[in-house]
Amino acid sequence: MRMAPSASGPLHIGHARMAILNDEYFRRYGGKLVLRIEDTNPTNNEPEAYQMIQDDLHWLDVNFTDLVIQSKRFELYYSEMKNLIEMRKAYVATSPTEEFKSRKQQGMPIKERDETPEENLERWDKMVSGDYAKGEAYAVVKTDLTHPNPAIRDFIAFRIVDTPHPLEGDRYKAYPMMNFSVAVDDHYNGLTHVIRGKDHTANTEKQKYIFGYRNWKLPFYLHYGKVSIEHTILKTSLIKKGIRSGEFTGWDDPKLGTLVALKKRGFSPLAIRKYYVESGIGSVDTTFSWEIFYSFNRKIIDNVSPRHFFVNQPVSLKFEFEGKLKASIPLYPQTGNSATQEKREYLVGKGSISITSQDYQKFKGELVRLKDLGYFKIGDENIEYIGQEILEDVQKWNPGRPLGKVPIIHWLSGNDVPFKVIKPDGTSEEGLLEKDALRFTGKVNQFERYGYVNVLDEKEGYFTHP
RNA sequence: GCUCCGGUAGUGUAGUCCGGCCAAGCAUAUCGGCCUUUCGAGCCGACGACCCGGGUCCAAAUCCCGGCCGGAGCACCA
């Protein structure tokens, strides 16, 4: 099995499918899992990508057995190409590419195609040694000029590049095209199975020609369908531009679909794995369902997320009360029994109590239950303690609300710090956060009645999902 | 336009190869109920699909033909 991302940037949620699918087969059937970084287009290469890709895979718990970097293998590609030219299966052309394309369209060869290996070899040597300038020459692998699908007819295997390579500098001038290097590497990396997106189906046909000429054993190919991931920015070039312009804070900006961004938002890599394993390898195109993904993640993180109160857009209400009320609120209500549970404990007395403006608007003048504190009546500017139990008919207090249903809302009183939650759509919400949550920075907390938030530091956090 | 590939509930899938056990399973979403001092979790229930038309067959989501719709590729990117 192999994973072959390009060295243009970190992996995103779309790449994760390729990685997970290959890894799942690897886990099930063994063999080897090759990470091959395809960096044969220097204009798109990002020097930091080599490391970022490996970090992303480790985070996903995808443990590759071999690392192959294509720019280290030019000598192999060159010797293979020379081989093909000698076999009359490839040629080197200096004719304009417009002519190459149009004749191909008509099923006609350009003149170099029929020239002798000696003539082509001579041009090939000049190409490798850098005697041609960018655009002056290119090497082509023969397929079948009469192939019914024009996309499969003779394809370019090498071109001249004068942009320096991030790893190799100006050492090479002749750069292999993806279809050539992939075929050669798939063979020499000893791959028996290739799983990749269906955008490669035509490429597979081209690559098979090289396998045929060399009599190599063909791997088993599987192409999965396209996943469209809505409401998310994935395109590396766009992200780079956005980072430069300051629109994004970095590769891990919460608006992005990169794995580092999802990590920072507090997603579990297990949720990503589960999602793609359940999606399978069908060739149908699908739309990525954030809802299902969120649900998987929620189930994974729910038990380990401490609960805290976050009052966004707080309204402060005066609390005139002689004495102290004790609040004892479990940190992990899902786990353990109530006696041994870890709790947050507060004493609330005269002063003020904050609730969200949303709750204030909705329940003004009514009876509510402040979670784990007691029954209260919300006034215009103050809040009044009623008691721990309400024996009378609730409807006496809240006419119009259903019987026995007192709204339970969250609150803060003196035990809070200002906090900002940054959402994936780029907006943010400010409010008060229970101070105890700061003990859990770097972790996902569940802000009760609000959602899951990865608390990054004492000032802000990224919204994970509801 | 050319060449391939594919169409199961709102979404994601199981079943299609080798027709019957599929009056179509699961998950998610939505709605309702129970439980609960979170609108979370859990439990129960409801909702909701085989693209259309022919054909073969005792029997078709499954096989065949036609149509419709969708996607991929057609680079000196990967």
Side-chain angles (χ1 to χ4, degrees), chain A residues 4-8 36-45 70 93 96-97 100-101 104-105 132 134-140 147-153 155-162 174-179 181-182 196-206 223-228 230 236-237 274-296 298-299 301-303 305 307-309 327-330 332-335 338 358-359 368-375 388-389 406-410 446-452 466:
Chain A
S6 67
S8 54
R36 188 171 69 218
I37 298 181
E38 311 215 326
D39 58 344
T40 55
N41 180 17
T43 53
N44 274 345
N45 285 174
Q70 290 196 314
T97 39
F100 171 67
K101 275 193 212 167
K104 198 163 76 168
Q105 209 48 241
Y132 291 115
K134 179 174 156 59
E136 281 182 357
Y138 49 94
V140 182
H147 195 286
N149 183 356
I152 315 262
R153 294 175 194 163
F155 62 91
I156 296 182
F158 281 87
R159 85 287 199 186
I160 306 286
V161 175
D162 54 15
Y175 276 73
M177 299 287 288
M178 170 267 188
N179 274 308
S181 54
V182 162
R196 54 179 171 183
K198 72 177 187 183
D199 47 323
H200 285 295
T201 41
N203 292 325
T204 299
E205 292 310 307
K206 296 184 203 177
H223 297 100
Y224 54 81
K226 185 193 162 197
V227 194
S228 47
E230 292 169 320
T236 310
S237 54
K274 184 167 158 62
Y275 185 88
Y276 282 126
V277 168
E278 290 216 349
S279 295
I281 45 163
S283 64
V284 248
D285 304 317
T286 57
T287 42
F288 186 84
S289 167
W290 288 101
E291 276 178 351
I292 293 178
F293 182 50
Y294 287 170
S295 155
F296 287 171
R298 197 178 294 132
K299 287 199 176 81
I301 64 173
D302 188 60
N303 279 340
S305 303
R307 312 290 139 128
H308 288 101
F309 290 160
S328 178
I329 320 166
Y332 301 99
Q334 314 315 322
T335 56
S338 54
Q358 207 187 344
D359 287 335
V368 297
R369 170 120 218 167
L370 294 191
K371 189 166 185 292
D372 298 297
L373 191 62
Y375 287 99
Q388 284 303 309
E389 296 299 332
V406 179
I408 299 163
I409 66 172
H410 60 293
Q446 191 202 101
F447 292 180
E448 297 196 45
R449 300 181 64 232
Y450 183 77
Y452 295 86

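Each chain gets a letter, A, B and so on, in the order the sequences are listed, and its residues count up from 1.
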Residues which pass side chain to side chain donor-acceptor pair (under 3.5 Å) with [X], listed by chain and number, not counting sequence neighbours:
| X | value |
| --- | --- |
| S237(A) | none |
| Y224(A) | none |
| T201(A) | none |
| Y275(A) | none |

Give the stems involving RNA chain B, where a stem is 3 or more consecutive Watson-Crick or G-U wobble pairs (i with j, i+1 with j-1, and so on) under 3.5 Å. B:1-7 with B:68-74, B:10-13 with B:25-28, B:30-34 with B:42-46, B:51-55 with B:63-67
For the [atom1] atoms, the ones on [N] and on [M], what distance do you get once it is rounded to whole angstrom?
| N | M | atom1 | answer |
| --- | --- | --- | --- |
| rU16(B) | rU62(B) | C1' | 4 Å |
| rC5(B) | rC63(B) | P | 15 Å |
| rU30(B) | rG40(B) | P | 9 Å |
| rC52(B) | rC47(B) | C1' | 25 Å |
| rA9(B) | rA72(B) | C1' | 26 Å |
| rC22(B) | rC74(B) | P | 44 Å |
| rG10(B) | rA59(B) | P | 30 Å |
| rG54(B) | rU13(B) | P | 30 Å |

Across the strands shown, which category fits [X] at heavy-atom distances under 4.0 angstrom: base, sugar-phosphate, nothing?
| X | result |
| --- | --- |
| K101(A) | sugar-phosphate |
| Y294(A) | nothing |
| N45(A) | nothing |
| N203(A) | base |
| S8(A) | nothing |
| D372(A) | base |

Side chain R153(A), main chain K104(A), donor-acceptor under 3.5 Å: yes
Any donor-acceptor N/O pair, Q388(A) side chain to L373(A) backbone, under 3.5 Å: yes
Grab the [atom1]-[atom2] distance between [X] and [N] for me, whole Å please.
| X | N | atom1 | atom2 | value |
| --- | --- | --- | --- | --- |
| K198(A) | rG70(B) | NZ | P | 13 Å |
| H223(A) | rA78(B) | NE2 | P | 17 Å |
| M177(A) | rC74(B) | CE | C1' | 13 Å |
| N41(A) | rC77(B) | CG | P | 6 Å |
| F309(A) | rU37(B) | CZ | P | 14 Å |
| R36(A) | rA78(B) | CZ | P | 12 Å |
| K206(A) | rC77(B) | NZ | P | 12 Å |
| K274(A) | rC26(B) | NZ | P | 15 Å |

I'd like to know if K134(A) and E136(A) make a salt bridge, using a cut-off of under 4.0 Å between side-chain N and carboxylate O. no
Of the listed nucleotides rG71(B), rG73(B), rA27(B), the one nearest the side chain of D199(A): rG73(B)
Of the listed nucleotides rA78(B), rC74(B), rA72(B), the one nearest the side chain of T201(A): rA72(B)
Those residues that, when tested against [X], pass salt bridge (charged side-chain N to carboxylate O under 4.0 Å, His left out) (two or more places apart):
| X | result |
| --- | --- |
| E205(A) | K208(A) |
| D359(A) | R449(A) |
| R307(A) | D302(A) |

Please tell me which of I152(A) and H200(A) maps to the more 5' nucleotide of RNA chain B, matching each residue to the nucleotide holding its nearest heavy atom. I152(A)
Of F296(A) and R369(A), the one whose nearest nucleotide on RNA chain B sits closer to the 5' end is F296(A)
Applying ring pair (Phe, Tyr, Trp, His ring centres under 6.0 Å), name anything that partners Y138(A), two or more places apart in sequence or on another chain. F100(A)
Which pairs pass salt bridge (Lys or Arg N to Asp or Glu O under 4.0 Å) with one or both residues in residues 275-286 of chain A, sequence neighbours excluded? K198(A)-D285(A), K274(A)-E278(A)
Counting C-beta onward and ignoring hydrogens, is there a side-chain heavy-atom pair between R159(A) and N41(A) closer than 4.5 Å? yes
Starting at the 5' end of nucleotides 9-17 of chain B, put B wherever the base has a protein heavy atom under 4.0 Å, S where only the sugar-phosphate does, and a dash everywhere else. -BBSS----
Close aromatic pair by centroid cut-off 6.0 Å: F288(A) and F293(A): yes
Short heteroatom pairs, N/O only, protein and nucleotides 40-43 of chain B, under 3.5 Å:
from, atom 1, to, atom 2, distance (Å)
rG40(B), O2', Y452(A), OH, 3.4
rG40(B), N2, Q334(A), OE1, 2.4
rG40(B), N2, Q334(A), NE2, 2.3

When you measure from the side-chain N and O atoms of K226(A) to the phosphate of rA72(B), is any distance below 4.0 Å, counting only OP1 and OP2? yes
